[in-house]
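The structure displayed is predicted, hence computed values, not measured ones.
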There are 2 protein chains.
Amino acid sequence: MSVTIKDIAKLAGVSHTTVSRALNNSPLIQEETKERIRQIAKQMDYTPNYSAKSLVLDRSYNLGLFFTTLSKGTSAGFFYEAIRGVNSVIQDRYQLIVKGIDDYTSFQSITRKSFDGIIVVSQSDDDQSIIEHIAGKGIPLVVLNRPVSTAGVLNVLSDEEQGAFLASSYLIEQGHKRIALIEGRKGFKSAQNRKDGFERAMRHYGVTIPESYRLPGLYDLESGHHAMQQFLKLAKPPTAVFSCNDEMALGAIKAISEAGLQVPADISVVGFDDTVFAAYVTPALTTVRRPIEQISKEGAIRLLDNIENKHHETEQVLLKTELIVRESVKQLSI
Amino acid sequence: MSVTIKDIAKLAGVSHTTVSRALNNSPLIQEETKERIRQIAKQMDYTPNYSAKSLVLDRSYNLGLFFTTLSKGTSAGFFYEAIRGVNSVIQDRYQLIVKGIDDYTSFQSITRKSFDGIIVVSQSDDDQSIIEHIAGKGIPLVVLNRPVSTAGVLNVLSDEEQGAFLASSYLIEQGHKRIALIEGRKGFKSAQNRKDGFERAMRHYGVTIPESYRLPGLYDLESGHHAMQQFLKLAKPPTAVFSCNDEMALGAIKAISEAGLQVPADISVVGFDDTVFAAYVTPALTTVRRPIEQISKEGAIRLLDNIENKHHETEQVLLKTELIVRESVKQLSI
DNA sequence: AAGACTATTGTTAACGTGTGCATCATTGTG
DNA sequence: CACAATGATGCACACGTTAACAATAGTCTT
């Protein structure tokens, strides 16, 4: 059917071994022989059979890119940026295989033979089992986006505490003192980190926040909306709100406008994540950008390094987040 | 290293051929032998080596999902929905390999051996060359999202003319008569189709549109903004605008509010595509939804059918679009 | 009861590539 | 000039799987 090195060998009058060596640029073969063989290969439109290569070299040329889920929950922008980042690094050295972890009924098919390395973009603690399976099989692995401490696993994520600190500090620097916090979902690492950053900022600037200015959320529109309603009922409502993600911020904004108030004229709002729609809502949302694309790039680079140099580092890399100032915060005159 | 059928054979006291047959549930093998071998395989945690399988069966178990570009331009939501749709169909029968067409320096590596089938989500006429390469190699192929007439190629896309008709009709039915059109980018098939739908609606309802109510756009924010400014300068500005995509609609809305007018109170706007942000802008944008996920599902289903039944149909499937009514259109009292 | 047939299993080769070792020619050395 | 060293190439096997064909034992037919 398709042309093989044996076909080339016949035409060149050499053995297939020589062809194999020539095409792999082995120093054993004479330069002019190499060149002649390359010519013929090109002319015959030869492409190596990667299944055969894989079989003998014990490399699959596959890189897995696994998300917690493809079917529900994962935000499109997040997904897109992650793939983009990884893809920009691997070029054509590897094939990128995209999968949702929840599509696996069994991890049995995830083996050393079928993946040279795997990137898990983890959004949930439930991913722990697949992470351990992969690490257990000795497949080079990097986990993005969620802190993980399994041995032999690379871990790249953004410094969310610092991001929350940035956002909260910004509110204070704009003159706000009555600042409320809508927390993330209980049990999520990110929720804890973001809350920690908020509190560090308050301590750092000597601002004290009453207990009534703190409400738990679920990372969804609904819970942000509800929390904001509670804040508005207070005798002294906050002048600014730090919402632990953009989605809840949106819910909060809705609640504010339903109450006949305006953002940012009456109440300022800051979100977290810089979701795609953050720039498009009115007012455009001031928020914290996590460098997803950079995280995935960094992760891919280190993974390839681990694969090609056969060392398994256990390392955690924290990347800085960035405050994106838009229109949802008002500067208070003092 | 890892366990092979020969290892199982040794333990079971049979030949490796018998093991292969047993695990493939061949009718040649006695039922109890099969069961015994399955037991042993399970117990040894055996997983087939897919490289070896591929080599002998001449199937790669890979499905390519190619986008025009991953690095620039492709919208995140579009990208996400397409992957989701395809992924939901293939389950674990195939590996999904995601690539940007512009990442290829040469199509040489795209062969029958490395892909059992390919889905091209095409957004540009420039994709024609890869489409022809793939079709030329005899690889089962389906092209989504853009009309294509290469022989042997399946083609699934949405009926954009019908969508534009829907949107335009809606404006008329809400009482609008002075309706302007911001066209798509010249030379794009979608631009022509959407314009056609608009004009059919006008004819159908007997509404005549002056030449000054038609302006070309480039599918970007900027051009929508600019076109709207022109409309606003007219002696009799339109009461409604059909923008050939959401992005330009957003630009138009911006121009309207800059002019001190409100959407939809003063001017109504309809977009096209139902981009992710359409629901989040203020006012939420009434627009036409293309069933991307359904298109990619449908495409994947037909591709698999073609692969597994080894027939190459040349067929074009048009899927209906849907009008998503939100808040950007006002009902005019007559 | 002999031959034909069937059910089950084994033998061997094949897929396309890479590699250790053998082979051969050529050059260098004393 | 004989022999070692070097450079270039080929031979044969391996990787893990499937499949055509062979082999064996048991069953059926007449």
Side-chain angles (χ1 to χ4, degrees), chain A residues 1-38 40-41 44-62 95 108-116 137, chain B residues 1-38 40-41 44-62 95 108-116 137:
Chain A
M1 193 71 219
S2 44
V3 21
T4 74
I5 53 171
K6 292 190 183 174
D7 300 327
I8 300 178
K10 226 170 272 173
L11 234 119
V14 297
S15 75
H16 77 275
T17 307
T18 302
V19 176
S20 170
R21 292 203 178 106
L23 295 178
N24 287 319
N25 199 21
S26 154
L28 291 177
I29 305 295
Q30 212 177 356
E31 196 51 54
E32 42 183 313
T33 314
K34 279 190 202 173
E35 193 45 49
R36 191 161 52 90
I37 291 177
R38 284 199 204 103
I40 298 179
M44 294 182 79
D45 193 27
Y46 166 78
T47 23
N49 182 322
Y50 274 86
S51 301
K53 274 183 106 112
S54 294
L55 184 57
V56 54
L57 293 180
D58 206 20
R59 299 189 40 201
S60 64
Y61 300 95
N62 287 338
Q95 312 238 52
Q108 200 215 348
S109 67
I110 306 174
T111 73
R112 250 273 200 33
K113 309 273 180 190
S114 48
F115 293 100
D116 287 348
K137 291 266 179 181
Chain B
M1 192 72 218
S2 44
V3 21
T4 73
I5 53 171
K6 292 191 181 172
D7 300 326
I8 300 178
K10 225 170 274 172
L11 234 120
V14 297
S15 76
H16 73 276
T17 308
T18 302
V19 176
S20 169
R21 292 201 178 108
L23 296 177
N24 287 317
N25 199 21
S26 153
L28 291 177
I29 305 295
Q30 213 176 355
E31 196 50 56
E32 41 182 314
T33 314
K34 279 190 201 171
E35 193 46 48
R36 190 162 52 90
I37 291 177
R38 283 199 204 101
I40 298 179
M44 294 180 81
D45 194 27
Y46 166 78
T47 24
N49 182 321
Y50 274 86
S51 301
K53 273 181 106 115
S54 294
L55 185 57
V56 53
L57 292 181
D58 203 21
R59 299 190 39 202
S60 64
Y61 300 95
N62 286 339
Q95 311 238 54
Q108 199 215 350
S109 66
I110 306 174
T111 72
R112 247 275 200 32
K113 308 275 180 188
S114 48
F115 293 99
D116 286 349
K137 290 265 181 183

With a 4.0 Å cutoff (strictly under), does any side-chain N or O of A:Asn24 reach OP1 or OP2 of C:dG18? yes
Quick check on D:dT17: is either OP1 or OP2 less than 4.0 Å from any side-chain nitrogen or oxygen of B:Tyr46? yes
Is the distance from OP1 or OP2 of C:dG16 to the nearest side-chain N or O of A:Lys6 less than 4.0 Å? no
Considering every strand and a 4.0 Å limit on heavy-atom distances, what is the contact class for B:Leu57: base, sugar-phosphate, or nothing? sugar-phosphate
Kindly write out the residues that satisfy side chain to side chain contact (heavy atoms under 4.5 Å, CB included) with A:Ser54, not counting sequence neighbours, or none if the list is empty. A:Tyr61, B:Ser51
Does D:dG16 have its OP1 or OP2 closer than 4.0 Å to a side-chain nitrogen or oxygen of B:Lys53? no
Pick out which of A:Ile5, A:Ile37, A:Ile29, A:Val14 makes a side chain to side chain contact (heavy atoms under 4.5 Å, CB included) with A:Arg21. A:Ile29
Nearest heavy-atom contact between A:Ser2 and B:Lys113 is OG-CE, 3.0 Å
What string of B, S and - do you get for nucleotides 9-14 of chain C, 5' to 3', when a contact is any protein heavy atom under 4.0 Å? BBBB--
Could you grab the distance from atom CZ of A:Arg36 to atom CG of A:Leu11, nearest 0.5 Å is fine? 10.0 Å
Sequence neighbours excluded, which residues qualify as side chain to side chain contact (heavy atoms under 4.5 Å, CB included) partners of B:Ser15? B:Thr17, B:Thr18
Using a 4.0 Å heavy-atom cut-off, does B:Ile5 contact any base of the nucleic acid, only the sugar-phosphate backbone, or nothing at all? base
Across the strands shown, which category fits A:Tyr50 at heavy-atom distances under 4.0 angstrom: base, sugar-phosphate, nothing? nothing
Could I get a table of every N or O pair under 3.5 Å where one atom is in the protein and the other is in nucleotides 23-27 of chain D?
none

With sequence neighbours left out, write down each residue that passes side chain to side chain contact (heavy atoms under 4.5 Å, CB included) with B:Lys6, or none if nothing qualifies. B:Thr4, B:His16
Might you point out which heavy atoms bring B:Val3 and B:Met44 nearest each other, and give the distance in Å? CG1-O, 3.4 Å
With sequence neighbours excluded, tell me which residues meet side-chain hydrogen bond (donor to acceptor under 3.5 Å, both in side chains) with B:Ser114. B:Thr111
Looking at B:Ser20, does any N or O in its side chain come under 4.0 Å of the phosphate oxygens OP1/OP2 on D:dT17? no
